[in-house]
Amino acid sequence: MKKKVIIDCDPGIDDAVALLLALGSAELEIVAITAAGGNIAPEVGFKNICRILEHLQHKKWPPLGQGLPAAAQIPGAQEIHGSDGLGNSHLPLTKTPAPRSAPELIIKTIERNPGQISIIATAPLTNIAGALRLKASVAEEIEDLVIMGGAIEVAGNVSPRAEFNIFMNPQAAREVFLSGAKITLLPLDVTQKVIFTPEHLERIRQSEGPAAALLSRIIPHSFKTHAQFEGIRGCYLHDALAVAARVRPSLFKTRRLFVDVETRGELTRGMTVADLRHRSRTQPNMDVVVEVDAEGFLEFLIQRLSLS
Ligand code: RIB
Ligand code: CA
């Protein structure tokens, strides 16, 4: 039985890799894809989803939604993902369906598949919180929610303590974290343990499939920005781990924790605050991924994207 997933994303280079992995995973049935504001404006993200589907000559496009802009803006976010959000690859686009409201599409899709939907959120949580504000019972009606976001015991990537997806809309993140939904959180602590290198890209390139062609056009920009801003050879693929968490959960280890979000701190806005005390007095509200088999994930990714 395929797992029905909604992917809420802000493509974005690593979101694009996450979409390629999801579209190339027979275990998943993608029942909706929604664009959130974050790396790029939601309308640009929406078009980038269409570009990726068109590039893959994907037969039956799932319903597509578009959300409202994220609450914050980050100067220089475009540098990381390129002016078009996809590494300045300027992929062609000939057809753009009319976008539906992301929160409403999320709610409708869940109503049609009660208890069966896994949401994979790889962007600021504006759309997810929007759906919860329209219909709070969504939190109980989904099977679960995988979120790429936060930094538990490592530094942030947009401030000393905040990770981008949470920083961009901390109020939305807090509402989602405290909603009662069954959450798995993939923070920077884990996503930064996986580095995709030029050698990994070369192995996929040899497969000469559509996924390889797309990666060859978008990943080199990421190699450049990671060398410049992270001082690493290769790049992180934060969002692709969120898809893998649903397709190959055995690659990850989790810990039950209570995690909340700082929404007001002058220095700590967007910080994910986990209760790590030995005798914590708080009821855990999520499974936080604390370990990843990095090599195993990379081999899985290369194998899957070589077949796509
Ligand atoms: O901090 C990493 C996250 O921010 C990823 O989702 C990346 O796409 C950016 O949105
Ligand atoms: Ca993203």
Side-chain angles (χ1 to χ4, degrees), residues 5-22 33-42 44-46 48-49 52 66-67 69-82 84-87 89 102 119-128 145-170 172-173 176 184-196 215 218-219 221-223 225-226 229-230 232 234-246 261 269-272 288-289 292:
V5 297
I6 294 173
I7 299 179
D8 186 65
C9 54
D10 58 338
I13 295 172
D14 62 324
D15 299 77
V17 179
L19 281 173
L20 286 175
L21 181 58
I33 306 176
T34 49
N39 292 323
I40 33 58
V44 176
F46 181 83
N48 284 348
I49 292 166
I52 292 162
Q66 180 179 311
Q73 283 310 318
I74 299 269
Q78 279 205 340
E79 251 180 308
I80 301 292
H81 294 273
D84 64 347
L86 291 177
S89 55
I119 299 179
I120 300 176
T122 65
L125 293 163
T126 310
N127 291 339
I128 313 301
L145 167 59
V146 183
I147 299 169
M148 188 280 133
I152 303 299
E153 296 189 85
V154 296
N157 58 3
V158 282
S159 83
R161 299 303 295 168
E163 176 277 330
F164 178 86
N165 286 340
I166 309 300
F167 179 85
M168 290 295 279
N169 196 337
V176 173
T184 299
L185 184 73
L186 259 154
L188 292 180
D189 309 57
V190 165
T191 62
Q192 289 180 161
K193 287 188 176 158
V194 177
I195 297 181
F196 185 75
L215 289 175
I218 68 174
I219 290 288
H221 179 83
S222 227
F223 287 155
T225 57
H226 279 72
F229 297 113
E230 303 284 348
I232 62 170
C235 64
Y236 299 130
L237 294 178
H238 305 282
D239 297 336
L241 277 80
V243 172
R246 274 294 155 271
V261 179
R269 175 183 188 273
M271 177 177 175
T272 42
V288 177
V289 178
V292 59

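One-based numbering, in listed order, for ligands and for the atoms of each. For the single chain, residues carry numbers from 1 onward in sequence order.
- Of all the N, O or S atoms in Asp239, the one closest to the Ca ion (ligand 2) is OD2.
- Side-chain N or O atoms of Asp15 include one that pairs as donor or acceptor with a backbone N or O of Asp10 at under 3.5 Å.
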Name each N or O atom in ligand 1 that is under 3.5 Å from a protein N or O, and give the partner atom and the distance.
from, atom 1, to, atom 2, distance (Å)
ligand 1, 1 (O), Asn157, ND2, 2.8
ligand 1, 1 (O), Glu163, OE2, 2.6
ligand 1, 4 (O), Asn165, OD1, 3.4
ligand 1, 6 (O), Thr122, O, 3.0
ligand 1, 6 (O), Asn165, ND2, 3.0
ligand 1, 6 (O), Asp239, OD1, 2.6
ligand 1, 6 (O), Asp239, OD2, 3.0
ligand 1, 8 (O), Asp14, OD1, 2.6
ligand 1, 8 (O), Asp14, OD2, 3.3
ligand 1, 8 (O), Asp15, OD1, 2.9
ligand 1, 8 (O), Asn39, ND2, 3.0
ligand 1, 8 (O), Asp239, OD2, 3.0
ligand 1, 10 (O), Asp10, OD2, 3.2
ligand 1, 10 (O), Asn39, OD1, 3.1
ligand 1, 10 (O), Asn39, ND2, 3.2
ligand 1, 10 (O), Asn165, OD1, 3.1

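- Separation of atoms CD1 (Ile40) and CZ (Phe46) is listed at 12.0 Å; rounding is to 0.5 Å.
- Counting only heavy atoms from C-beta outward, the side chains of Asn39 and Ile80 never approach each other to under 4.5 Å.
- One of the N, O or S atoms belonging to Asp10 lies under 3.0 Å away from the Ca ion (ligand 2).
- Side-chain contact between Ser222 and Asp14: absent, with no pair of heavy atoms (C-beta onward) separated by less than 4.5 Å.
- One finds the NE2 atom of His81 at 6.5 Å from the CD1 atom of Ile13 (value rounded to the nearest 0.5 Å).
- Backbone or side-chain N, O or S atoms of Thr122 reach the Ca ion (ligand 2) at under 3.0 Å.
- Taking the side chain as every heavy atom from C-beta outward, Arg269 and Arg161 never approach each other to under 4.5 Å.
- Between Tyr236 and His226, the ring planes are perpendicular. Angles over 60° get that label, and only those under 30° would be called parallel.
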